[in-house]
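The structure under discussion appears below in the form of C-alpha cells.
Proteins get letters first, then strands, A, B, ... in listed order; numbering begins at 1 in each.
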2 protein chains.
Amino acid sequence: MAFSKNEAFTDTDQQLALWAKALSHPARIAILRELAQRNACICGELVANLPLSQATVSQHLKVLKEAGLIDGEIDGPRICYCIDWPALKEMENALILLFNQIKPCC
Amino acid sequence: MAFSKNEAFTDTDQQLALWAKALSHPARIAILRELAQRNACICGELVANLPLSQATVSQHLKVLKEAGLIDGEIDGPRICYCIDWPALKEMENALILLFNQIKPCC
DNA sequence: ATTGTATATCGTAAATATACGATTAAACAA
DNA sequence: TTGTTTAATCGTATATTTACGATATACAAT
C-alpha cells in the first residue's frame with residue numbers, strides 16, 4: 001500500500017482486523033491448537049510438529065505474541081509458550097459480537 | 001515467502017486462515033457491517049461511505065467475493081452487493097468450533 | 001571459562017497486500 | 001449511434017508477509 005489508512009476506521013474494527021490477521025495463517029492456527037491441547041508447550045515441540053523451519057516458527061510465535069494471544073516464559077534454556085486465555089476470550093467475544101451485528105436484518 | 005507451504009496444513013485450518021484473511025482489514029469488516037445493515041448495497045454507496053478510492057473499494061469487494069462471503073449482482077449499470085448468508089454462517093460455525101477446540105484443557 | 005542447547009534475530013529473497021490514478025467495459029438513456 | 005454512469009481492471013509504487021540459512025544470545029552444565 002502507498003500507506004495504510006487504517007486509522008480512518010473504528011478502533012473496534014481495527015482490533016478485529018488485527019486479531020483476524022493473527023489467525024490468517026494455518027501455521028498460527030495449528031500453533032494455537034497445539035498450545036491448547038498441551039496447555040503449554042516449549043518452542044522446540046512446536047518446531048518438531050510443524051513443517052516449517054525453527055526460524056519461521058519463531059516468527060509465527062512472534063506474530064501471535066504481538067497480537068496478545070500467547071505468552072512466552074523463559075524456562076531454563078527454553079521458552080515455554082502458553083495461550084493468553086483472557087485475551088483469547090476477548091477475541092472470541094469480539095468476533096461473536098461482530099457476527100451478531102452482521103445478521104440478516106429486514 | 002519464498003513460496004507458501006499452506007498445503008502442508010489441514011484443509012480445515014487452511015479454510016479458517018482464508019476466512020480470517022478476508023476479515024483481516026478494517027475496510028472489509030466495515031463493508032460487511034454496512035452490507036448487513038442495508039441488507040444489500042450498491043457499490044457506489046460503499047465507496048461514498050468509506051475513506052478509500054473507488055478502485056480500492058472494488059479491490060476489497062473482490063477479496064470478500066473470492067472468500068465467498070459476498071455476492072454481486074448486476075442491477076442496471078450498477079452492481080448490487082449482498083452478504084452470502086449461508087457462507088457467513090459457515091464461517092461463523094467454523095470459528096466457533098475452533099474456539100471450542102482451543103479451550104483450557106487440563 | 002568453555003561447551004552445548006534452545007530460541008531469537010538478522011539478512012535476504014520472493015510473494016502478497018494495499019492504495020490510487022487511469023483506462024476499459026458494460027448497461028442504459030437520449 | 002453517442003454519451004453518461006457505474007464498476008472492474010490495469011499499471012504501478014510501496015509495504016508487509018512468508019520463508020529460511022546464518023548468526024547471535026541466553027542459559028545450563030561441566
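Remark: C1' of D/dT17 and NZ of B/Lys5 are 16 Å apart, rounded to the nearest angstrom. Rounded to an integer number of Å, the gap from A/His25 NE2 to C/dA17 P is 11 Å. Remark: C1' of C/dA17 and CD of B/Glu66 are 12 Å apart, rounded to the nearest angstrom. The distance between atom CG of A/Asp75 and atom C1' of C/dA8, rounded to the nearest whole Å, is 16 Å. Counting to the nearest Å, the P atom of C/dC20 and the NE2 atom of B/His60 are 9 Å from each other. Straight-line distance from the CG atom of B/Leu18 to the P atom of D/dT17: 17 Å, rounded to whole Å.
Applying the salt bridge (charged side-chain N to carboxylate O under 4.0 Å, His left out) test to every pair with at least one member in residues 40-69 of chain A, sequence neighbours left out, gives these pairs: A/Arg38-A/Glu45.
Two residues, A/Ala27 and A/Ile74, neighbour DNA chain D, and the one matched to the more 5' nucleotide by heavy-atom proximity is A/Ala27. Nucleotides of DNA chain D nearest to A/Gly76 and A/Ser53 differ in position, and the one nearer the 5' end is that of A/Ser53.
Ion pairing between B/Lys103 and A/Glu92 holds under the 4.0 Å rule for side-chain N and carboxylate O.
Out of C/dT16, D/dC20, C/dT18, the shortest distance to the side chain of B/Lys21 is found at C/dT16.
Taking both residues in full, the closest heavy atoms of B/Leu64 and B/Ala22 are given as CD2-O, 4.0 Å, listed atom of the first, atom of the second, then distance. B/Trp85 and A/Pro104 get closest at one heavy-atom pair: CH2-N, 3.3 Å.
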Spell out protein contact along nucleotides 4-10 of chain D as letters: B when the base is contacted, S when just the sugar-phosphate is, - when no protein heavy atom is under 4.0 Å; keep the 5' to 3' order.
--SBBB-
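When B/Glu34, B/His60, B/Gln54 are each tested for a side-chain contact (heavy atoms from CB on, under 4.5 Å) with B/Leu46, only one passes: B/Glu34.
A donor-acceptor contact shorter than 3.5 Å links the side chain of A/Gln14 to the backbone of A/Phe9.
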